[in-house]
Number of protein chains: 4
Amino acid sequence: MNQPTADSRTRILDAAEALFADRGYEASSTARIAGHANVPKGLVFHYFPQKIDVLVALVDERTFVEELPDGSGAAVEAVPGDPAGTLSRLARRLPLHASPAMRRILFREADTHKSVRERLGRLNSEVFLRARRALELAHPGARGDQARLEAAAATFTAVLIYQENLAGLTGQHIDPDAVAELIARALGT
Amino acid sequence: MNQPTADSRTRILDAAEALFADRGYEASSTARIAGHANVPKGLVFHYFPQKIDVLVALVDERTFVEELPDGSGAAVEAVPGDPAGTLSRLARRLPLHASPAMRRILFREADTHKSVRERLGRLNSEVFLRARRALELAHPGARGDQARLEAAAATFTAVLIYQENLAGLTGQHIDPDAVAELIARALGT
Amino acid sequence: MNQPTADSRTRILDAAEALFADRGYEASSTARIAGHANVPKGLVFHYFPQKIDVLVALVDERTFVEELPDGSGAAVEAVPGDPAGTLSRLARRLPLHASPAMRRILFREADTHKSVRERLGRLNSEVFLRARRALELAHPGARGDQARLEAAAATFTAVLIYQENLAGLTGQHIDPDAVAELIARALGT
Amino acid sequence: MNQPTADSRTRILDAAEALFADRGYEASSTARIAGHANVPKGLVFHYFPQKIDVLVALVDERTFVEELPDGSGAAVEAVPGDPAGTLSRLARRLPLHASPAMRRILFREADTHKSVRERLGRLNSEVFLRARRALELAHPGARGDQARLEAAAATFTAVLIYQENLAGLTGQHIDPDAVAELIARALGT
DNA sequence: CATGAATGAGTGTTCATTCAT
DNA sequence: CATGAATGAACACTCATTCAT
């Protein structure tokens with residue numbers, strides 16, 4: 001991920017990614033970023049006119065929320081009759097392509113920086129949509145219970161996001177498979 | 001909340017609470033806090049030798065996690081046979097006594113300041129314990145299913161904490177009553 | 001003017017006055033001002049939140065345009081029948097109380113900084129009003145020639161201000177007494 | 001003035017002229033000049049090794065002080081017996097060929113940059129010489145009054161230069177025709 | 001106990017200038 | 001000729017903290 005001969009811009013982003021994840025955006029000075037990247041201070045501002053642009057570039061270029069094309073059921077790999085397994089698979093493949101460092105940044109800076117918040121909001125929607133679709137497909141009988149199905153999808157989304165965000169901080173750990181099974185039961189006949 | 005004759009220390013904490021909630025700990029200078037509190041700059045350091053001590057004092061004195069005495073079932077107001085209602089009541093009375101401002105501070109500064117993180121961890125445990133106990137009491141039949149019951153309690157905790165922390169940011173809103181009902185169904189029969 | 005034990009604020013203003021006059025406002029860095037004043041860099045901003053406030057304070061506190069109370073003829077020391085002498089005296093006592101350094105600053109920074117421009121405008125008006133009143137009093141006969149009298153006052157103002165501002169730069173020097181005599185002749189019978 | 005196919009050097013000077021007039025030399029960065037001129041940053045330094053050379057080139061190439069060949073009376077269009085008219089014509093045709101932007105630059109940067117100051121000094125001398133010659137020619141009788149004539153020429157020069165430089169700033173406006181008439185009267189019998 | 005002047009390292013940012021391509 | 005990445009000193013300004021009074 002960090003080529004030995006990476007160009008300066010890449011090295012700056014690499015350094016920022018590591019520092020922002022480690023100590024937060026505010027506490028990572030541009031001078032320190034430049035130092036870590038082994039480039040002169042001024043070069044940071046050549047590529048990123050303002051410090052915030054470094055964060056924006058990171059979120060833009062190094063996080064990707066895999067969005068489901070409308071109507072495609074295949075992508076969720078839903079198995080009719082097996083809602084628990086379907087959700088478990090979703091938990092194992094969160095539609096977020098990002099390094100562990102970028103994941104920390106995404107959650108940590110969300111409430112101070114709009115661009116980060118938006119990306120996080122998209123992740124949230126996408127997880128919710130996938131969970132709902134997975135449940136719809138896996139559970140074809142439950143027609144009348146749209147509201148319950150939505151609550152189940154929202155609950156599963158909360159667990160997944162909570163896991164990424166707070167579980168480490170609070171020491172709480174949840175087994176997504178157990179939650180998947182729980183929700184399957186709740187929607188079961 | 002801010003008596004006309006509040007003493008200096010209280011006025012400093014009031015100002016810090018408002019500023020930390022509004023713009024974050026890092027972005028609130030001690031000078032600004034003093035200004036808001038209408039006290040001279042030096043006085044802040046008279047009461048709080050270091051800036052971080054202001055945050056620690058706020059968390060210590062202005063957030064309180066109501067902890068359940070061991071074995072007391074009364075406090076959760078569990079109704080045997082009504083797990084959904086029991087959880088709903090828990091959702092409505094999160095065992096966290098803190099102003100909305102302090103709640104924001106608790107979540108925002110959690111991953112940078114240990115003392116805040118600890119308080120948040122206690123809240124998390126307490127919610128989990130209450131949810132578990134509530135389910136145990138409300139659901140006396142489900143003896144054999146200890147693991148499932150724990151997953152249910154953890155799920156409910158995740159939803160409640162997620163609600164406080166991220167729901168506003170991501171635009172996702174969850175009805176805790178619906179989740180309570182869902183979990184009750186999952187544990188049913 | 002520069003006491004050996006002058007307090008810090010005064011020393012900062014002294015240093016700024018000298019530097020602004022010597023090299024201009026833009027070219028005088030706050031660090032250099034602090035160095036000249038022998039105070040730490042930060043102290044400049046303790047007294048003057050922004051660099052521009054140093055200039056504003058200088059203009060406010062160290063230039064003074066002596067304004068004529070309405071209707072007072074005594075102040076101009078006009079001698080009826082001696083317009084030339086009256087104007088000469090005005091030239092010798094420009095109603096501007098300011099050090100030579102402050103005079104340079106006043107003219108040099110006028111077109112970039114509003115507060116300076118306003119002070120300069122006041123000086124200009126005051127000189128014009130005094131010249132006009134002097135001529136009115138010294139020249140009681142010239143009733144019908146209000147327009148010519150105004151042109152004469154404006155001309156004299158231009159010469160005085162030009163003298164302060166550009167004469168040194170361009171190498172041109174004018175004898176105000178000769179101009180006074182010229183104008184007196186122009187208005188003469 | 002700005003041909004569609006103007007070469008890079010011309011475009012750089014055009015941009016610098018506009019920016020220097022608008023915000024001053026110091027406040028106009030070379031990067032901004034390049035941006036306005038739509039040329040790469042490095043090119044500015046290809047044509048002008050130092051930033052100051054841009055200003056020097058502007059003054060050299062875009063301001064011109066029309067200098068009177070010695071002894072030529074025709075150029076001032078002096079009319080013997082009509083000193084007022086002769087001066088009025090001089091006022092209307094200041095021997096300075098320069099755009100309004102260049103005029104601002106000339107006065108604004110005069111006291112910080114020698115080359116500008118010299119050009120301004122030449123303008124000043126030229127106006128003075130023309131005024132003096134005009135008065136000599138228009139007023140052939142006034143031989144004995146060389147001193148008074150010089151004062152009159154200097155006065156007229158001051159009014160003209162003041163007009164260009166400060167009148168706008170201070171709000172004072174002078175009618176050169178009225179001044180011309182005033183001076184003519186002063187030199188009259 | 002109260003005060004605000006003093007301190008100096010650090011912050012984000014700008015900029016003229018260089019130079020390899 | 002043309003280019004834009006690279007450089008590093010300098011800039012205005014912030015800040016937690018100290019301390020004499």
Side-chain angles (χ1 to χ4, degrees), chain A residues 7-12 25-35 37-55, chain B residues 7-9 12 25-35 37-55, chain C residues 7-12 25-35 37-55, chain D residues 7-9 12 25-35 37-55:
Chain A
D7 65 356
S8 300
R9 188 174 182 281
T10 303
R11 291 223 307 284
I12 290 167
Y25 172 84
E26 291 277 5
S28 306
S29 73
T30 54
R32 204 181 184 99
I33 293 171
N38 215 30
V39 301
K41 266 186 325 173
L43 197 56
V44 173
F45 291 90
H46 178 69
Y47 288 108
F48 308 99
Q50 314 222 71
K51 186 189 173 189
I52 188 68
D53 296 326
V54 178
L55 179 57
Chain B
D7 64 356
S8 299
R9 189 175 180 283
I12 291 168
Y25 172 83
E26 291 276 5
S28 306
S29 71
T30 54
R32 204 182 185 98
I33 292 170
N38 217 26
V39 302
K41 254 186 332 185
L43 199 56
V44 173
F45 288 88
H46 177 71
Y47 288 113
F48 308 99
Q50 312 226 79
K51 186 190 174 190
I52 189 67
D53 297 327
V54 179
L55 179 58
Chain C
D7 66 357
S8 300
R9 187 175 182 282
T10 304
R11 291 224 308 283
I12 291 167
Y25 172 83
E26 290 276 6
S28 306
S29 73
T30 53
R32 205 184 184 96
I33 293 170
N38 215 28
V39 302
K41 268 185 323 173
L43 198 56
V44 174
F45 291 91
H46 178 69
Y47 288 109
F48 308 99
Q50 314 223 71
K51 186 188 173 190
I52 188 67
D53 296 327
V54 178
L55 179 57
Chain D
D7 65 356
S8 299
R9 188 175 181 282
I12 291 167
Y25 171 83
E26 290 276 6
S28 305
S29 71
T30 53
R32 205 183 184 96
I33 292 170
N38 217 25
V39 303
K41 254 184 335 184
L43 199 55
V44 173
F45 288 88
H46 178 70
Y47 289 113
F48 308 99
Q50 312 225 82
K51 186 189 172 189
I52 188 69
D53 297 327
V54 178
L55 180 58

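Letters A, B, ... mirror the listed sequences (proteins, then strands); counts begin at 1. Below, each value reflects all heavy atoms present in this structure, side chains not excepted, and no hydrogens, waters or symmetry copies. All values reported here derive from a predicted model rather than from experimental measurement.
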(request) Pick base, sugar-phosphate or nothing for B:T30, based on heavy-atom distances below 4.0 Å to the nucleic acid. (result) base
(request) Scan every strand shown for a Watson-Crick or G-U wobble partner of E:dC15, both distances under 3.5 Å, and answer none if you come up empty. (result) F:dG8
(message) Applying the Watson-Crick and G-U wobble criteria at under 3.5 Å, what pairs with E:dC1? Answer none if nothing qualifies.
(response) none
(request) To the nearest Å, give me how far apart CG (B:L43) and C1' (F:dA20) are. (result) 17 Å
(message) On a heavy-atom basis, which atom in B:I33 and which in B:I12 lie closest, and how many Å separate them?
(response) CG2-O, 3.8 Å
(request) Could you state the atom-to-atom distance from CD of C:E26 to C1' of F:dA10 in whole Å? (result) 14 Å
(message) Taking the side chain as everything from C-beta on, heavy atoms only, tell me whether D:Y25 gets closer than 4.5 Å to D:I52.
(response) yes
(message) Closest-nucleotide mapping onto DNA chain E: is B:K41 or A:S28 further toward the 5' terminus? I mean the 5' end.
(response) B:K41
(message) What is the separation between atom CG on D:L55 and atom C1' on E:dA16, rounded to the nearest whole Å?
(response) 15 Å
(request) State the CG-OH distance between A:D53 and A:Y47, to the nearest 0.5 angstrom. (result) 15.0 Å
(request) Find the distance C:D53:CG to F:dA12:C1' and express it as a whole number of Å. (result) 12 Å
(message) Please report the distance, rounded to the nearest Å, between CZ in B:R32 and C1' in E:dG4.
(response) 19 Å
(request) Could you pick out which residue, B:G42 or D:A27, lies toward the 5' side of DNA chain E when each is mapped onto its nearest nucleotide? (result) B:G42
(request) Quick one: pull up CG in C:D7 and OG1 in C:T10 and give me the separation to the nearest 0.5 Å. (result) 3.5 Å
(message) Distance check needed: F:dC13 P versus C:I33 CD1, whole Å only.
(response) 11 Å
(message) Within residues 44-51 of chain A, which residues have any heavy atom lying less than 4.0 Å from an atom of DNA chain F?
(response) A:H46, A:Y47
(request) Measure the distance from CD1 on D:I52 to C1' on E:dC15 and round it to the nearest whole Å. (result) 15 Å
(message) Can you confirm whether D:L43 sits close enough to D:H46 that some side-chain heavy atom of one is under 4.5 Å from a side-chain heavy atom of the other?
(response) yes
(request) Give, for atom CD of B:Q50 and atom CG of B:L55, the distance between the pair rounded to the nearest 0.5 Å. (result) 12.5 Å
(message) Please give me the minimum heavy-atom distance between B:K51 and B:E26, naming the atom from each residue.
(response) NZ-O, 3.7 Å
(request) Could you work out which one of E:dG4, F:dG4, E:dA6 sits closest to the side chain of C:S8? (result) E:dA6
(message) Nearest whole Å is fine: how far is E:dT7 C1' from C:N38 CG?
(response) 14 Å
(message) Quick check: on DNA chain F, is the nucleotide nearest C:S29 upstream (toward 5') of the one nearest A:V39, or the reverse? Name the residue that is more 5'.
(response) A:V39
